[in-house]
Amino acid sequence: MRAQRKEISQARSYIKSGKELAKAEEILRKVIDNDSVSRNDPRVHSYLLQAIEKQYAEGNEKLYLKQKYDTTVLFSLTKKLFDVAQRLDSLDSCPNKKGVVKTKYRTKNAAMLDNCRTNLFFGGTFHLRKGNYEEAFSLFDIYINSSDSPMFAGYNYSVTDRRLPEAGYWASYSAANLDNPQLVLKHARLAERDTSKLSYILMYEAEAYSKLGDTEAYVEALKRGFELYPTFQFFFPHLIDHFLGNDDLEEALALADRAVAVDSTSILFLYAKSNVLLNMGKNDECIDVTKRIVELNDTLAEPYYNIGMAFLNKVVLMEKSHERNDKNTVKAIYRQAMPYLEKYRVLAPDEKKKWAPALYRVYLNLNMGKQFDEIDRIINEVNP
């Protein structure tokens with residue numbers, strides 16, 4: 001204990017002199033780490049806070065005087081001030097033997113921290129620009145947590161601080177870049193109050209729930225995002241993929257219909273609806289919708305494939321319903337399918353496994369020997 005007191009005394013001397021402040025901090029941290037009595041003594045933590053506070057003041061002065069100084073050090077010191085002050089406040093708030101709480105340090109320390117609190121926010125944005133997402137999240141996290149800390153109850157940050165929702169967004173953004181879904185969600189509700197970035201925070205939430213395996217929350221986030229931002233590039237594709245992946249074609253079609261109602265010229269929405277209709281066997285509707293895509297953009301390959309396959313599927317349905325004896329009707333449908341499948345072949349020459357079997361059926365049933373022989377050779381090359 002005498003050794004600990006001697007070290008504390010030495011650290012206090014450094015603090016009073018304003019010299020060797022970093023050394024004073026180092027001494028006091030070692031004392032706190034190694035001595036259980038000092039670890040729970042508010043006075044020792046108060047000395048540590050003073051050592052850091054004076055370092056902060058020195059750095060702030062150098063910046064004010066435009067002297068050479070590393071800005072990151074100031075942000076680091078700000079973080080240290082809040083960490084140490086919060087620990088001190090928790091010790092300072094312990095009831096005495098009579099069960100009464102009398103805080104000795106809170107008012108003074110809260111006022112000091114209030115003056116430098118914005119440096120947590122600006123430090124976070126500084127590290128964001130540098131791509132230091134872990135450090136950025138840490139600073140935003142402290143900034144946000146201080147808003148409901150008992151230490152700052154009198155400052156009412158949750159009402160007066162307009163930067164809080166933005167800090168919540170940047171915290172979630174940093175966590176997303178760290179690929180940490182738990183941290184993404186930590187301040188997501190706060191971030192949602194920043195309406196200028198709401199579409200993105202909902203995307204981060206959905207991704208986080210997906211990574212955590214919470215399918216119900218993932219789908220709800222996608223639905224919410226789509227309802228608010230139907231044309232945003234994330235929500236619709238992932239939501240319809242979810243429905244198709246779970247063979248929930250009715251939900252997928254309802255979603256596609258809502259999307260097309262929002263933008264009837266969207267290739268994405270129309271093509272999604274085309275795929276759903278094709279999977280549902282609604283071939284005539286599929287053909288009508290997909291022809292609309294071709295009208296809007298005739299250079300895309302996949303719509304031609306969907307139209308061709310919808311025609312071929314009509315033949316299959318006729319065969320299943322024993323209407324195959326109507327050879328003229330069947331051949332007419334094959335002739336309707338042929339130009340679309342041939343166009344698909346031209347636009348997607350590498351997709352042999354898709355267009356070759358389809359054209360094989362067409363040429364076989366239309367008795368087109370030369371074309372059939374070529375396709376037969378291609379199929380044998382693809383599947384030797």
Side-chain angles (χ1 to χ4, degrees), residues 199 202-203 205-207 209-297 300-324 330 333-334 336-337 340-341 343-344 347-348 351 353-355 357-359 361-362:
S199 56
L202 291 175
M203 178 178 69
E205 287 182 41
E207 290 175 333
Y209 287 126
S210 177
K211 290 174 182 177
L212 292 171
D214 190 339
T215 303
E216 183 178 353
Y218 169 66
V219 173
E220 285 305 311
L222 291 176
K223 286 181 177 179
R224 187 177 170 208
F226 174 75
E227 292 301 326
L228 292 172
Y229 306 99
T231 59
F232 190 75
Q233 69 272 18
F234 179 83
F235 303 112
F236 176 80
H238 285 79
L239 190 53
I240 203 155
D241 281 351
H242 170 78
F243 290 140
L244 291 174
N246 287 276
D247 203 29
D248 197 343
L249 298 179
E250 293 295 338
E251 283 281 4
L253 182 58
L255 176 66
D257 283 336
R258 291 200 302 274
V260 171
V262 171
D263 185 356
S264 62
T265 64
S266 168
I267 301 294
L268 171 65
F269 295 161
L270 290 169
Y271 183 63
K273 184 172 181 178
S274 168
N275 281 334
V276 175
L277 291 169
L278 188 63
N279 285 326
M280 295 179 80
K282 296 185 177 184
N283 299 301
D284 289 328
E285 291 180 54
C286 174
I287 291 168
D288 290 340
V289 169
T290 318
K291 282 183 176 180
R292 173 64 176 148
I293 300 175
V294 174
E295 290 174 3
L296 293 168
N297 189 337
L300 301 173
E302 294 303 323
Y304 291 99
Y305 179 77
N306 278 16
I307 295 174
M309 293 308 297
F311 278 120
L312 295 188
N313 288 345
K314 291 180 67 174
V315 173
V316 172
L317 291 175
M318 290 179 65
E319 291 175 345
K320 287 182 177 179
S321 62
H322 305 292
E323 297 177 23
R324 62 185 303 173
V330 170
I333 295 174
Y334 277 120
Q336 288 177 294
Y340 292 102
L341 294 170
K343 182 68 172 180
Y344 179 68
L347 293 174
E351 296 292 336
K353 290 186 177 181
K354 293 176 70 173
W355 51 256
L359 284 172
R361 287 177 58 194
V362 171

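Atoms considered below: every heavy atom in the structure, side chains included; atoms not considered: hydrogens, waters and symmetry mates.
- A salt bridge links Glu295 to Arg292: at least one charged side-chain nitrogen sits closer than 4.0 Å to a carboxylate oxygen.
- How far OG of Ser274 is from CD1 of Ile287: 9.5 Å, rounded to the nearest 0.5 Å.
- How far CD of Glu227 is from CZ of Phe235: 11.5 Å, rounded to the nearest 0.5 Å.
- Between atom OH of residue Tyr334 and atom CZ of residue Arg361 there is a gap of 4.5 Å, rounded to the nearest 0.5 Å.
- Between the CD atom in Glu220 and the CG atom in Leu239 there is a gap of 9.5 Å [rounded to 0.5 Å].
- For the residue pair Ala301 and Leu347, the shortest heavy atom distance occurs at CB-CB, 3.7 Å.
- Considering only residues two or more places apart in sequence or on other chains, Tyr229 meets the side chain to side chain donor-acceptor pair (under 3.5 Å) condition with none of them.
- Side chain to side chain, Tyr344 and Glu302 meet the donor-acceptor criterion of an N or O pair below 3.5 Å.
- Ring planes of Phe236 and Phe226: tilted class, angle from 30 to 60°.
- In this view, Phe234 and His238 satisfy the ring-ring contact (aromatic ring centres under 6.0 Å, His included) rule, not counting sequence neighbours.
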Less than 3.5 Å apart, which donor and acceptor atoms pair up between the side chains of residues 246-259 and the rest of the protein, not counting sequence neighbours?
residue: Asn246; atom: ND2; partner: His242; partner atom: O; Å: 2.8
residue: Asn246; atom: ND2; partner: His242; partner atom: ND1; Å: 3.3
residue: Asp257; atom: OD1; partner: Lys273; partner atom: NZ; Å: 2.8

Test side-chain contact (heavy atoms from CB on, under 4.5 Å) applied to Asp284 and Lys314, step by step: CA-CA 8 Å; Asp284 289 328; Lys314 291 180 67 174; 2.8 Å; yes
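- Using modelled atom types and a 3.5 Å distance limit, the side chains of Asn306 and Thr290 yield no donor-acceptor pair.
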